[in-house]
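Have a look at the structure below before the remarks.
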Amino acid sequence: MACVNPDGTISAVAGKVLLAADQGADERAMAEAAGVPVYRVRASLRELVQAGLLTQADGAWAVTDAGRAAAAQAAGAG
Amino acid sequence: MDANVAQSPSLPRIGEPAPHFEAETTHGTLRLSDFEGSWLILFSHPADFTPVCTTEFIAFAEIAPELSKRNVQLLGLSIDSTYSHIAWVRTIKEKFGVDIPFPIIADLNKEVATAYGMLMPGESKTETSRAVFVIDDKGVVRAMIYYPLTTGRNMDEILRLVDALQTSDEHGVATPAGWRPGDKVIVPPPRTVEDAEARMAAGYECQDWFFCKRAL
């Protein structure tokens, strides 16, 4: 249940986490938005950063262009 | 120093930080720190596709909602692959109609099992015992339970243990044998003569100066 698939697409949960991060949500709000526990959000955030879909600066999350595309694709697939 | 002793990993102890881990699980790569802010029950089972473990997994899944109400997450572990875990979870769903909602660590290199002392070589060199670690929201080991391969664990006791630990934290009390939520709790023994005198007048239910109970 990794959030970034080998083909570069992301899971529906990861897509919801990205969208919530884009709206400035904190981890708890992201968990609510994605319907998963906070530990899953933390693991997803780490994976999304490693995949270059998300960055963090001064405590704020920023979704990259590739992240927006992946989130849109996940939303379409979901 | 004996070389064998020097190589033995230090095992978790109650009251000390739980050993850090990063592990592949059925819910992706997880670290102990991902659970910070929640209590965690980290438990091991001997092997996937075995009958006692199957009954335990069904039982853990059944108490998962109650644990969630107590801010407790579950995390399983065995020395099996992620693929084996996935197949077993799917079989449990297919044959017993039960969803396993929690992640399971695939500890093929025994790294987490070794760090947590889940292996009992006298019983099995290839399977983890039935260990349960209750880790609090700050990452501290609060309780440990070990059962042998032959004996399935008692979920009621695990829930009771969590209730007792959280009640102790919240109210600064201890809990007597067989305590259940709603029962009277033990007021910690006094440490000074002055405190001993004071508590006799404090309205507690005391059999003696060292043995006092109160309702919450």
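As the structure is a computational prediction, the values presented were derived from the model and not from experiment. Here is the naming used below: chain letters follow the sequence lines, and residue numbers restart at 1 for every chain.
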Quick one: of G37(B), P103(B), S38(B), who has the most non-hydrogen atom pairs under 4.5 Å with chain A? P103(B)

Is it the side chain or the backbone of S33(B) that comes within 4.5 Å of chain A heavy atoms, both, or neither? backbone

What part of E36(B) is in contact with chain A, defined as an atom under 4.5 angstrom from a non-hydrogen atom: side chain, backbone, both or neither? both

Test your reading of the model: is there a side-chain donor-acceptor pair from Q166(B) to the backbone of R70(B), 3.5 Å cut-off?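 Yes.
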
May I ask you to decide if the ring planes of F49(B) and W88(B) are parallel, tilted or perpendicular, using 30° and 60° as cut-offs? tilted

Would a 4.5 Å heavy-atom cut-off, applied to side chains only, mark F96(B) and T54(B) as touching?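 SC-SC contact between F96(B) and T54(B) confirmed.
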
Under 6.0 Å between ring centres, would you say that holds for F102(B) and F43(B)? yes

